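In what follows, a single structure is set out as structure tokens and then discussed.
Here the structure is a predicted model, which is why all the values come from computation and not from measurement. Just so we're on the same page: letters track the sequence lines, and every chain starts at 1. Because only heavy atoms are used, hydrogens play no part in the values below, and waters and symmetry mates are left out as well, while side chains stay in.
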Amino acid sequence: MSEKTNVMANPPEQRELRYDPQRIEQKWSARWQADPSLYAAEGHASTRKKYYVLEMLPYPSGVLHMGHVRNYSIGDALARYMWMRGYNVLHPMGWDAFGLPAENAAIKNKTHPRLWTLGNIGRMKEQMQRIGFAYDWSREVTTCQPEYYRWNQWFFLKLYEKGLAYRKKSRVNWCPECATVLANEQVVNDGCCWRHEETKVEQRELEQWFVRTTEYAEELLRDLDKLDSWPEKVRIMQRNWIGRSEGALVDFALDQPAGPTAAKITVFTTRIDTIFGATSVQLAPEHPMVADFTAADHHLHREVEELVREQARARETGDIGAIEKHGVFTGRYAVNPFNQEKIPIWVANYILMDYGTGAIMSVPAHDERDYEFAKKYDLEIRVVILPRRVAEPPAPGEREEPVLPYTEPDSLLINSGEYTELSNHEAIKKMTADAEKRGFGKAAVTYRLKDWGISRQRYWGTPIPIIYCEKCGVVPVPESQLPVILPDNVDISLQGGSPLGRVPEFVNVPCPKCGGPGRRETDTMDTFVDSSWYFYRYTNARLNDRPLDTATVDYWFPIDQYIGGVEHAILHLIYSRFWTKFMRDLGLVHNDEPVLRLFTQGMVIKSGAKMSKSKGNVVSPDEMVARYGADSTRMYSLFATSPDRELDWQDAGVEGVYRFLSRAYRFVTRHALSGQADSAAGKGTSSGRNRSIQRKLHQTIKRVTEDFHGRWHFNTSVSAVMELVNELYAAEEDIAAGRIAPEVLAEAQRKLVLLLAPFAPFVAAELWEGLGEKQSLLRYPWPEYDPALAKEDEITYAIQVNGKLRGHIAVAADSPEPAVKERALADEKVRVAIAGKEVEKVIFVPGKLVNIVLHEPR
RNA sequence: GCCGGGAUGGCGGAACUGGCAGACGCAGCGGACUCAAAAUCCGCCGAGGUUCACCCCUCGUGGGGGUUCAACUCCCCCUCCCGGCACCA
């Protein structure tokens with residue numbers, strides 16, 4: 001033992017170097033920056049197969065956080081691996097540079113959003129380069145630059161031309177803190193602003209620009225089926241978000257004409273089969289017809305006002321789902337077109353104007369909400385459908401009890417005129433068809449998805465290229481006049497209204513049509529517009545007469561792998577998908593979907609809580625890099641857990657990875673040029689430790705390679721490489737004694753370095769050079785494993801009796817099944833366990849175990 | 001309420017199609033080296049029992065039931081945690 005330890009403590013060749021990440025990383029970071037061609041993708045004439053790997057572009061907040069580091073470490077490992085696999089890799093990076101925080105920061109620091117943003121970009125880019133992420137910076141995209149946002153404007157004009165951008169007055173979410181409109185999606189928990197999580201959102205009416213995303217609702221839903229390499233979770237979230245419902249529109253005529261609006265109420269229902277159970281019609285408080293009813297009825301008017309307020313309040317607090325049901329009878333009646341029954345019309349606070357038609361037929365017996373409402377106001381509850389197994393209609397006394405939807409296909413209608421005795425599925429079909437035939441209804445599909453409101457009353461965004469003319473109305477800015485440049489001299493510190501409205505030379509322009517006086521649109525675009533198509537721009541980022549080159553896009557798209565946080569699973573990814581479909585219909589691109597494979601990584605937390613300044617648990621990448629180096633920091637972010645899970649950051653874990661890299665570094669440098677080459681000549685490679693080193697090496701390559709292609713469990717890839725290094729250290733004594741063949745040692749060293757390359761590129765590059773290699777690691781082929789060597793020579797079988805472990809036997813790897821079984825049965829302990837009992841069967845699991853099942857009461 | 005995901009040693013996590021639970025790392029303990037410390041290297045490390053020791057035995061993957069020769073893994077019920085949606089007609 002002490003002899004062995006001596007060997008360890010004083011290795012024979014003192015060539016090893018101390019692992020100094022700062023020195024190594026600064027050296028290589030400088031070299032890589034000096035040679036931009038290293039990470040440059042080839043054009044689409046390349047003979048290599050293309051691979052487009054993309055991480056979601058960051059908002060330039062000023063400093064990289066651990067979530068970024070994790071995101072980019074995953075993407076970078078993949079990009080480096082694919083480069084080594086010989087692919088033509090596109091791995092770009094850019095900046096989501098418009099947006100509110102820049103304005104807020106500029107006000108606070110008395111600077112300009114542009115200066116603040118560009119300064120941040122400079123700092124963050126430096127951090128990325130320091131960490132060694134391999135981006136093709138020649139394709140960098142910065143969305144706040146006119147070269148980029150002019151194409152937002154161009155796309156807007158196309159949307160407008162196709163009728164997909166339109167203006168409408170609408171109730172909007174207004175954040176008093178931001179003094180701007182928020183998308184529905186930007187209102188988060190309890191009706192608060194997504195940026196100011198403590199600020200309650202208010203409601204206002206404004207004239208807004210909308211993009212008709214609903215035009216593509218059906219395709220956005222249908223094509224989710226194609227995205228089978230997306231996380232199921234994301235597909236489900238999108239499916240629910242789009243929220244398709246099949247049903248029917250049915251007209252209920254008014255008992256007597258009400259006013260200037262229509263003489264009928266159209267309801268949307270998914271359960272037309274229950275229409276004989278409808279005992280009232282319910283309108284949303286904002287339904288247009290309500291105004292007709294309230295015009296002459298002051299009391300009713302005030303009641304409805306109260307319902308509107310209740311809804312607004314519930315929307316603000318976010319518990320619209322838990323609002324106490326409340327309604328008011330209008331005094332009017334509607335006629336059920338199927339049985340001519342007169343039923344009362346109510347206005348209720350649980351009916352939403354922006355879903356369906358804003359009006360429903362209320363069927364208390366078969367809808368829980370309607371039931372609750374009917375109970376409260378003592379409306380009739382009429383059962384019209386029962387499961388087939390209930391043979392008879394309920395006695396009058398028990399009528400009110402079954403409040404069940406009865407959706408089973410074998411449910412039967414009762415009390416439903418000519419439809420009685422039909423199953424509910426038949427009834428839906430027949431009643432819908434009849435309604436259509438008789439002219440009072442039709443099949444219809446509605447979506448939860450709403451059109452995308454893109455107007456923002458803010459400065460730091462893309463100006464909407466529209467001019468309002470007194471004579472000509474809404475006039476789009478001609479393409480030739482793009483870009484509409486965002487002016488610099490804007491006082492953004494004043495609150496209220498659009499900041500751009502305070503710049504006369506921006507606002508007052510001649511009408512492009514008639515030359516008369518015009519006023520520019522002063523709203524800017526939602527920044528989700530920027531991020532909806534930025535990844536197309538990377539394919540040809542400097543193109544100045546078109547947003548993109550179709551042939552180049554055809555080559556690179558779809559994106560092979562997109563990586564980012566799950567928080568973008570709905571908004572960004574639905575808007576992006578919409579944008580792609582729109583671009584396809586313009587003929588600009590030919591792909592239906594932008595992203596082939598999506599990966600959503602888990603959050604980075606610390607001590608069980610999200611990292612935040614207020615909790616004081618923020619871990620700064622800079623600090624980690626300064627302490628342990630970039631390689632250790634990024635490798636730890638991959639090693640701590642699998643990429644899809646939440647990562648609980650532990651500084652001590654980074655230190656562990658640092659120790660591992662030190663070990664790897666010492667091993668390779670120690671033996672690199674240590675004169676071992678001739679000491680063991682002719683010893684052969686087929687036996688003992690030589691063999692076990694080779695085996696471990698090839699097993700490791702196999703495991704890492706498979707992780708890249710399958711599960712992406714880079715934590716197990718890294719631990720596999722750690723095991724390899726442990727095996728090499730265990731062989732130190734043999735190496736010192738010259739019992740390891742030089743070619744085996746050399747192969748192990750080289751391939752170890754190659755295995756490290758995707759995860760710890762700096763130390764890998766340093767060692768690679770130390771081994772006398774000139775070629776860049778990125779261009780060096782990823783090692784193949786030899787399947788024969790990756791297998792064990794000898795396999796240890798577990799021996800079980802009745803499922804209980806009884807021992808082990810080691811057999812040659814190629815032993816046939818009967819021989820292994822025989823060996824197992826002959827085992828001493830097994831024979832004792834059997835002890836004369838009858839063997840019922842012997843189960844053989846190749847490579848794993850033999851289980852002897854005894855015939856006995858267990 | 002609905003939809004998704006999760007719960008494994010002191011800690012982060014492995015275990016891929018049901019087949020030896022706890023790989024790898026952290027922390028801890030012991031040893032070597034050192035005047036000493038750091039660093040490094042080696043060993044131990046789920047709980048309980050048994051043993052001088054090697055071995056061996058029992059229990060053990062949030063809780064309860066089930067299927068199976070065999071269950072962290074599959075099925076049913078329940079608890080808790082995380083994410084999304086929420087009067088969607």
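Among the atoms of the strands shown, base atoms are found under 4.0 Å from some heavy atom of A:F639. Using a 4.0 Å heavy-atom distance criterion, A:N726 is classed as a sugar-phosphate-only contact. Within 4.0 Å of A:I351, counting heavy atoms only, lies at least one base atom of the nucleic acid. Backbone-only engagement by A:I236 is indicated by non-hydrogen atom pairs under 4.0 Å involving sugar-phosphate atoms exclusively. Nucleic acid contact class of A:E706 (heavy atoms, under 4.0 Å, all strands): none.
Comparing B:A27 with B:G13, their C1' atoms sit 14 Å apart, to the nearest whole Å. Spacing of P atoms, B:A15 relative to B:C20, comes out at 13 Å, to the nearest Å. The separation of B:G18 from B:G1, taken at their C1' atoms, amounts to 35 Å, rounded to a whole angstrom. Rounded to a whole angstrom, the distance from the P atom of B:G43 to that of B:C24 is 11 Å. Nucleotides B:G22 and B:U8 have their C1' atoms positioned 8 Å apart, rounded to a whole Å.
A:E792 CD: more than 12 foreign heavy atoms inside a 6.0 Å radius. Counting non-hydrogen atoms of other residues, nucleotides and ligands closer than 6.0 Å to NZ of A:K821 gives a total above 12.
Across all strands shown, B:A89 remains unpaired; no Watson-Crick or G-U wobble contact has both distances below 3.5 Å.
Taking 4.0 angstrom as the limit, A:R659 places a side-chain polar atom (N or O) nearer than this to OP1 or OP2 of B:C26.
Glycosidic conformation of B:G9 is syn; the angle stays within 90° of 0.
Between the NZ atom of A:K233 and the C1' atom of B:G4 there is a distance of 8 Å, given to the nearest Å.
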**Report entry** Full working for ring pair (Phe, Tyr, Trp, His ring centres under 6.0 Å) between A:F599 and A:F714
**Finding:** CA-CA 13 Å; A:F599 187 87; A:F714 300 128; 8.0 Å; no

